[in-house]
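Below is one structure, written out as structure tokens; the observations come after it.
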Amino acid sequence: MSEQPVNLAIVDDHPMILEGLKSLWSENAHIHTFTFTKGGDLLHFLEEKHVDVVLLDIVLGDGSGLDYCKKVKKMSPETIVIGISNQVERSIIFQFLQNGGNGYILKNADAQEIVRCVDQSLSGDLSLSKEVQEILLTQPTLVSGVPRLTKREQEILKAIAAGNTSADIAAMLFISVITVETHRRNLLQKFQAKNMIELVKTAVELNLL
């Protein structure tokens with residue numbers, strides 16, 4: 001993770017969950033946490049202060065996290081928004097991502113996985129907890145117009161979705177970082193995606209992951 005200070009907002013209408021999540025970064029001097037029990041309070045806060053990452057519950061007392069995700073991204077497109085919820089329906093997860101979400105974590109994830117997902121998102125990657133990845137994979141959606149991928153491209157696509165860096169992928173596949181970067185560019189072109197987050201979202205929707 002970058003050594004630059006990071007403003008992290010956590011939105012959940014259960015105070016005990018808020019405190020539990022906040023405590024995960026209590027010893028990290030570079031992470032400044034702010035907690036809210038209402039989505040509306042977060043929006044007011046965003047009018048005054050920049051937030052790098054939002055951990056957003058889906059079911060809130062004053063509205064839906066799906067709607068708040070869209071509102072946050074409209075107000076502050078560069079803010080990373082990660083859903084954290086007990087909602088396991090595939091349609092809800094997809095809706096959150098389609099509304100601009102950068103990731104989705106189930107509340108039963110352990111502390112290390114939650115911290116890892118946030119770190120992953122700060123690196124520009126789509127961050128899905130392991131159980132969310134399994135949910136998306138067990139109920140595939142069939143879509144026509146699927147890009148044709150080479151075996152190597154399939155390997156690299158899976159590695160990207162798992163959150164590996166180019167250096168990680170190069171070491172795993174015994175190829176150079178430059179070669180990995182070339183494959184990344186080719187994948188972006190084949191999927192007509194603007195970035196890796198959009199690439200993985202599209203690949204999941206096309207049942208390629």
Side-chain angles (χ1 to χ4, degrees), residues 1-62 65 68-87 93 96-97 99-133 159-172 177 195-197 200:
M1 188 197 300
S2 169
E3 292 300 300
Q4 293 294 321
V6 172
N7 288 336
L8 168 66
I10 307 170
V11 189
D12 195 296
D13 56 6
H14 294 87
M16 286 182 64
I17 293 176
L18 274 182
E19 287 306 310
L21 289 170
K22 184 179 179 180
S23 71
L24 298 182
W25 292 276
S26 60
E27 296 182 5
N28 189 329
H30 300 289
I31 303 282
H32 305 299
T33 56
F34 305 87
T35 59
F36 306 91
T37 57
K38 295 181 179 180
D41 292 341
L42 169 68
L43 298 183
H44 291 311
F45 185 76
L46 281 172
E47 292 174 355
E48 305 293 333
K49 195 170 183 72
H50 172 73
V51 173
D52 298 288
V53 184
V54 176
L55 281 179
L56 180 63
D57 194 7
I58 302 301
V59 180
L60 295 167
D62 68 332
Y68 279 121
C69 176
K70 191 181 292 187
K71 291 174 181 177
V72 169
K73 296 301 279 192
K74 186 175 182 180
M75 289 180 66
S76 180
E78 72 280 7
T79 295
I80 295 164
V81 184
I82 302 173
I84 183 158
S85 177
N86 291 319
Q87 301 293 313
I93 297 170
F96 187 84
L97 298 176
N99 285 1
N102 303 88
Y104 199 98
I105 306 168
L106 293 186
K107 286 184 178 178
N108 62 4
D110 61 33
Q112 283 185 324
E113 186 170 22
I114 294 171
V115 171
R116 178 186 61 77
C117 283
V118 171
D119 288 349
Q120 214 171 28
S121 72
L122 287 167
S123 300
D125 295 322
L126 181 71
S127 57
L128 303 173
S129 63
K130 290 178 182 177
E131 195 169 338
V132 170
Q133 293 179 33
I160 292 170
N164 293 290
T165 65
S166 291
D168 293 334
I169 297 169
M172 286 190 302
V177 173
N195 51 46
M196 289 300 144
I197 291 174
V200 173

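Throughout, residue positions are numbered sequentially from 1 according to the sequence presented. The analysis underlying the following values was restricted to heavy atoms, covering all of them including side chains, and did not include hydrogens, waters or symmetry mates.
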Donor-acceptor contact below 3.5 Å, side chain D125 vs main chain S127: no
For the student: nearest non-hydrogen atoms of I105 and C117, plus distance: CD1-CB, 3.6 Å
Criterion side chain to side chain contact (heavy atoms under 4.5 Å, CB included) on V6 and W25, from CA distance to verdict: CA-CA 11 Å; V6 172; W25 292 276; over 6 Å; no
Which atom of S166 lies closest to which atom of V177, heavy atoms considered: CB-CG1, 4.1 Å
Smallest separation among heavy atoms of A109 and I114, with atom names: O-CD1, 3.8 Å
Closest approach of L128 to Q133 (non-hydrogen atoms, all atoms of both residues): O-NE2, 3.0 Å
Value rounded to 0.5 Å, distance of CG in N102 from SG in C69: 7.5 Å
Point-to-point distance, once rounded to the nearest 0.5 Å, from CE of M196 to OG of S123: 13.5 Å
Donor-acceptor contact below 3.5 Å, side chain D168 vs main chain T165: yes
Taking every non-hydrogen atom, the tightest pair across L56 and G65: CD2-O, 3.3 Å
Salt bridge (Lys or Arg N to Asp or Glu O under 4.0 Å): pairs with one or both residues in residues 24-52, sequence neighbours excluded: none
Mutual orientation of the aromatic rings belonging to F34 and F45 [parallel < 30°, tilted 30-60°, perpendicular > 60°]: tilted
D110 CG to L24 CG distance, which is reported to the nearest 0.5 Å: 10.0 Å
Note, F96 side chain near I58 side chain (heavy atom, < 4.5 Å): yes
Test item: Q87 and Y104 side chains (from C-beta on) under 4.5 Å apart, heavy atoms: yes
S85 OG to L55 CG distance, which is reported to the nearest 0.5 Å: 12.0 Å
Side chain to side chain contact (heavy atoms under 4.5 Å, CB included) between D57 and V11, worked out: CA-CA 6 Å; D57 194 7; V11 189; 5.8 Å; no
Check: K130 main-chain N/O paired with E113 side-chain donor or acceptor under 3.5 Å: yes
V81/K73 under side chain to side chain contact (heavy atoms under 4.5 Å, CB included): CA gap, chis, key distance, verdict: CA-CA 8 Å; V81 184; K73 296 301 279 192; 3.7 Å; yes
Value rounded to 0.5 Å, distance of CD1 in I80 from CG in L126: 11.0 Å
Separation between CG of L42 and CG of L46, rounded to the nearest 0.5 Å: 4.5 Å
Shortest non-hydrogen contact from Y68 toward G40: OH-N, 3.4 Å
Polar side-chain atom of D62 near backbone of G39 as donor-acceptor pair, under 3.5 Å: yes
Test log, rule side chain to side chain contact (heavy atoms under 4.5 Å, CB included), inputs T33 and I31: CA-CA 6 Å; T33 56; I31 303 282; 3.9 Å; yes
Side chain to side chain contact (heavy atoms under 4.5 Å, CB included) partners of E78, counting only residues at least two apart: H50, S76
Electrostatic pair K22-E19, nearest N-O below 4.0 angstrom: no
